[in-house]
Amino acid sequence: MKKKLLIDLDYVICYPGFLTLVNKFLKTNYKEEDFTDYIIDDIIGPQEKKEEFYKFYLKHNGYDDAILMDDVKEVLQKLSEEYDIYICTACVMFGIELRSGKLYMDKFNYLIKEFPFLDPRKFIFTNSKNLFDADVQIDDRIHNLQGNVKLKLLYDAYHNQDVDEDTLNKFNVRRVKGWREIEKILLTNA
Ligand SMILES: [Mg+2]
């Protein structure tokens with residue numbers, strides 16, 4: 001039986017385009033590395049302005065502006081031959097919790113367009129990622145790496161730089177920087 005591999009989408013497979021839309025809305029040029037927290041909505045302004053942005057955001061599809069991580073297509077293709085792959089991505093978004101339905105569709109359509117070799121019946125859309133048992137899990141947020149998983153990989157990102165060695169050890173998590181490193185870990189002696 002193939003080993004079960006759970007993979008997050010945003011900031012693991014791709015940059016989701018959220019910041020691009022923030023920049024379009026604010027006419028700014030922020031970069032991911034300008035931030036240390038995952039949620040960056042406070043730069044938009046007071047609640048009223050945020051609400052204006054959320055409406056703008058929901059009229060667009062962040063995945064039209066998404067940027068794939070280097071080498072991800074090639075490595076995922078190889079991994080799909082050795083592992084049973086489940087994409088596990090949160091869809092209910094901070095600030096627009098009750099209007100997040102559209103994000104399920106945007107994510108689904110992006111995944112089937114970019115990764116036709118993945119089985120869409122194995123896409124998991126949930127914010128409760130710790131429910132699942134797996135052999136390997138890759139995510140960019142440490143709080144998503146607390147389930148019953150043998151090998152947990154934290155994908156290096158702007159907002160997880162403060163996760164130190166002690167925390168990684170405590171949760172038995174290994175930090176990875178890029179898909180070539182993941183390939184090496186998961187496909188050497190696989
Ligand atoms: Mg993520």
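We count ligands from 1, going down the list as the structure has it; atoms in each ligand are counted the same way. Just so we're clear, the structure is a prediction, and the values are computed from it rather than from any experiment. The figures here come from the full heavy-atom set of this structure, side chains too, leaving out hydrogens, waters and symmetry mates.
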What's in the same ILVMFWY side-chain cluster as Leu98, cut-off under 4.5 Å, chained through other members?
none
Please state whether the rings of Tyr11 and Tyr38 are parallel, tilted or perpendicular, taking 30° and 60° as the class boundaries.
perpendicular
Using the test ring pair (Phe, Tyr, Trp, His ring centres under 6.0 Å), find all partners of Phe56 that sit at least two apart in sequence or belong to another chain.
Phe25, His60
Using a 4.5 Å cut-off between side-chain heavy atoms of Ile, Leu, Val, Met, Phe, Trp and Tyr, which other residues end up in the same hydrophobic cluster as Val149?
none
Backbone N or O of Lys4 within a donor-acceptor pair of the Asp135 side chain at under 3.5 Å?
yes
Please check this pair: side chain of Glu32 against backbone of Leu19, looking for a donor-acceptor N/O pair closer than 3.5 Å.
no
Check which protein N, O or S atoms are less than 2.8 Å from the Mg ion (ligand 1) and report how many there are.
3
